[in-house]
Amino acid sequence: MSALSRRHFLALTGSAAAATWSGRSPADAAMGPADKFDLVIKGGEVVDPSQSLRGKRDIGIRWGVIEAIEPEIPAARISKSIDASGKLVMPGLIDLHCHVYPYGSAIGIPADELVQFQGTTTVVSAGDAGVNNLAALRRYIVAQTRARMYAFLHIANNGLSAFPVAELYNIDNAQVEACAMALAENQDFLIGVKVRMSENVIFKHGLEPLKRGIQACEMCGWPAKMMVHIGGVETGALMSDILNILRPGDVLTHAYSGAPNMAGAFTNIVQDGKLLPAALAAKQRGVIFDVGHGGGSFDFTVAEVAIPAGCTPDTISSDMHVFSGNTPGVPFLPNVMSKFMAMGYSLEQVVTMTTTAPAKIINRAPKIGTLQVGAPGDVAIMDLVEGPVSFLDTRNNKRDGKAWLKPVQTVINGVPFGRPYQAPFAVR
């Protein structure tokens, strides 16, 4: 190392140390008025609900951290740039429900393969791993994935490794003490416990799998949440029972599923064309309603009854996995966001439901899901393509819209990721 480069290195590390002791980020300490940003995203229309911001801004990133949001950053301060003129610039999206454990879960897809198609910089593995294969998820998948990854731990010890064989036909797979211990040891990574409550998963075990999940959450020593999958619950009465024991902060995923049970009966939150009173009561006491679109878990006709009756979505998620990605409903996250725009939600609302809202649920607000100065340089750049478009749900119901979101470029920790997205789909 030359003397000059050594001095430069020591100056930088000294600044970083001083910043650490002062409580400021290293980038704050090192940034002088004439210093250049590593990356500037120029000229885009910023949509950041965390700051109630929508307007043209330049975003300056240095050392992986957002250092400036200004009307214009001069060329003299730019090392590299992305021209976002005419495009939307939003925080990197957070997918609260997807399946991103390849090799360990039978339906897992690599998280980094989703980035260019979804604009997701943070993903949550929704029960791919149970106690028996959680360590491998952390060591071999999370450690080599650029996208941030967190997880709900499956109450079944084997997670989804046996799919399509149901993991909870044998209730002995749900080991409360083991699950609680894994939660206690992995609070930095886990959000809580996942359970699938469909009849074809739990057979005739009723509330028992959910009760065991809640017990594990309450034994672990920190406020772990439940994520509860519905769709094809055994009976209508059991659906109400499930809703009645969910706690404030627990997540009801596939909230607008229209999937029938094994006998062909519709037993979800809308029955006989009416919203269950237990669903509204759950919503009112703080249960989180998550979309979890997937390949079979979103029905326009359910949403169109539940939402006006008071059960609005809190978060939009994809339930992307190796099978759902190829279904006619096209559950890539921006496409699901577009469906809710077709249902009357604003751009700001759907961005909120994929940034600030899930960030709070996974206890990472205000650090992610935002473009505030000091946040990681996670950015999703998209086109808002205006014009007639049709959307399908997972039961072949079609609804027409006037615009859809098309990912263009994603930045993770200040580094552009992947290639621009080319949409191969006619029906969205």
Side-chain angles (χ1 to χ4, degrees), residues 93-130 133-134 136-137 140-142 144-156 158-168 191 193-198 200-201 227-232 251-259 290-299 315-337 339 354 358 362 392-395 407 418 421 424-425 428:
L93 302 186
I94 302 169
D95 195 345
L96 186 66
H97 180 157
C98 54
H99 294 279
V100 285
Y101 188 2
Y103 321 119
S105 163
I107 63 174
I109 188 170
D112 287 350
E113 292 187 9
L114 294 173
V115 172
Q116 63 177 315
F117 301 106
Q118 294 210 131
T120 42
T121 57
T122 301
V123 293
V124 180
S125 168
D128 292 304
N133 56 353
L134 175 66
L137 174 63
Y140 299 115
I141 304 301
V142 177
Q144 55 185 300
T145 299
R146 281 184 59 188
R148 282 182 186 78
M149 190 183 300
Y150 303 99
F152 282 94
L153 179 68
H154 207 302
I155 186 60
N158 56 335
L160 297 178
S161 61
F163 186 92
V165 176
E167 66 271 18
L168 284 170
I191 310 304
V193 176
K194 170 77 180 291
V195 63
R196 300 200 299 158
M197 291 297 290
S198 300
N200 62 359
V201 176
M227 174 179 273
V228 181
H229 154 132
I230 60 168
V251 179
L252 184 76
T253 194
H254 309 316
Y256 309 109
S257 174
D290 174 58
V291 172
H293 188 293
S297 301
F298 177 70
D299 189 327
T315 53
I316 296 174
S317 64
S318 70
D319 186 23
M320 279 292 298
H321 51 76
V322 294
F323 300 115
S324 67
N326 294 313
T327 57
V330 192
F332 293 92
L333 189 57
N335 197 53
V336 184
M337 296 164 69
K339 293 183 185 187
T354 50
I362 66 173
L392 287 177
D393 66 11
T394 62
R395 297 186 58 79
Y421 172 71
F425 309 107
R428 311 205 64 76

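Residue numbers start at 1 and run along the sequence shown.
Among all heavy-atom pairs drawn from G104 and N133, the shortest one is O-ND2, 3.4 Å. Counting all heavy atoms, side chain and backbone alike, G329 lies closest to H293 at O-CE1, 3.8 Å. Taking all atoms of both residues into account, the shortest heavy-atom contact from A106 to S161 is CB-O, 4.0 Å. The two residues V100 and I141 have their closest heavy-atom pair at O-CG2, 3.7 Å. Smallest separation of non-hydrogen atoms from V123 and C98: CB-SG, 3.6 Å. Here the shortest heavy-atom pairing between Q118 and P331 reads OE1-O, 4.2 Å.
At least one donor-acceptor pair closer than 3.5 Å links the side chain of S257 to the backbone N or O of A259. Between the side chain of T354 and the backbone N or O of I316 there is no donor-acceptor pair closer than 3.5 Å. Not a single donor-acceptor pair under 3.5 Å links the side chain of D128 to the backbone N or O of S105. Side-chain atoms of Y101 come within 3.5 Å of backbone atoms of L137 as a donor-acceptor pair (strictly under, hydrogens ignored). A donor-acceptor pair under 3.5 Å links the side-chain atoms of D112 to the main chain of A147, judged by distance alone. When atom types are taken as modelled, the side chain of K194 and the backbone of F152 share no donor-acceptor pair closer than 3.5 angstrom.
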Handout entry: L160/H154 under side-chain contact (heavy atoms from CB on, under 4.5 Å): CA gap, chis, key distance, verdict
Key = CA-CA 8 Å; L160 297 178; H154 207 302; 4.0 Å; yes
Exercise for the section: Check the pair L96 / I191 against side-chain contact (heavy atoms from CB on, under 4.5 Å), numbers first and verdict last. Expected result: CA-CA 10 Å; L96 186 66; I191 310 304; 6.0 Å; no
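Between D290 atom CG and S317 atom OG the span is 3.0 Å, to the nearest 0.5 Å. Rounded to the nearest 0.5 angstrom, S125 OG and L134 CG are separated by 9.0 Å. Between the CD atom in Q144 and the CE atom in M149 there is a gap of 9.5 Å [rounded to 0.5 Å]. Taking OG1 of T327 as the start and CE of M320 as the end, the distance is 8.0 Å to the nearest 0.5 Å. Between the OG1 atom of T315 and the CG atom of L252 there is a distance of 10.0 Å, given to the nearest 0.5 Å. Here the CD1-CD1 distance, from I107 to I109, works out to 10.5 Å after rounding to the nearest 0.5 Å.
Put simply, the side chain of V195 reaches to within 4.5 Å of the side chain of L168, judged on heavy atoms. Residues H97 and V251 form no side-chain contact, since every pair of their non-hydrogen atoms from C-beta on lies 4.5 Å or further apart.
In terms of the salt bridge (Lys or Arg N to Asp or Glu O under 4.0 Å) criterion, residue partners of D299 (sequence neighbours excluded) are, by chain and number, R395.
Inspection of the H99 and D319 side chains reveals an N or O donor paired with an N or O acceptor under 3.5 Å.
Residue R196 forms a side-chain hydrogen bond (donor to acceptor under 3.5 Å, both in side chains) with just one option from H254, H229, E167, and that option is E167.
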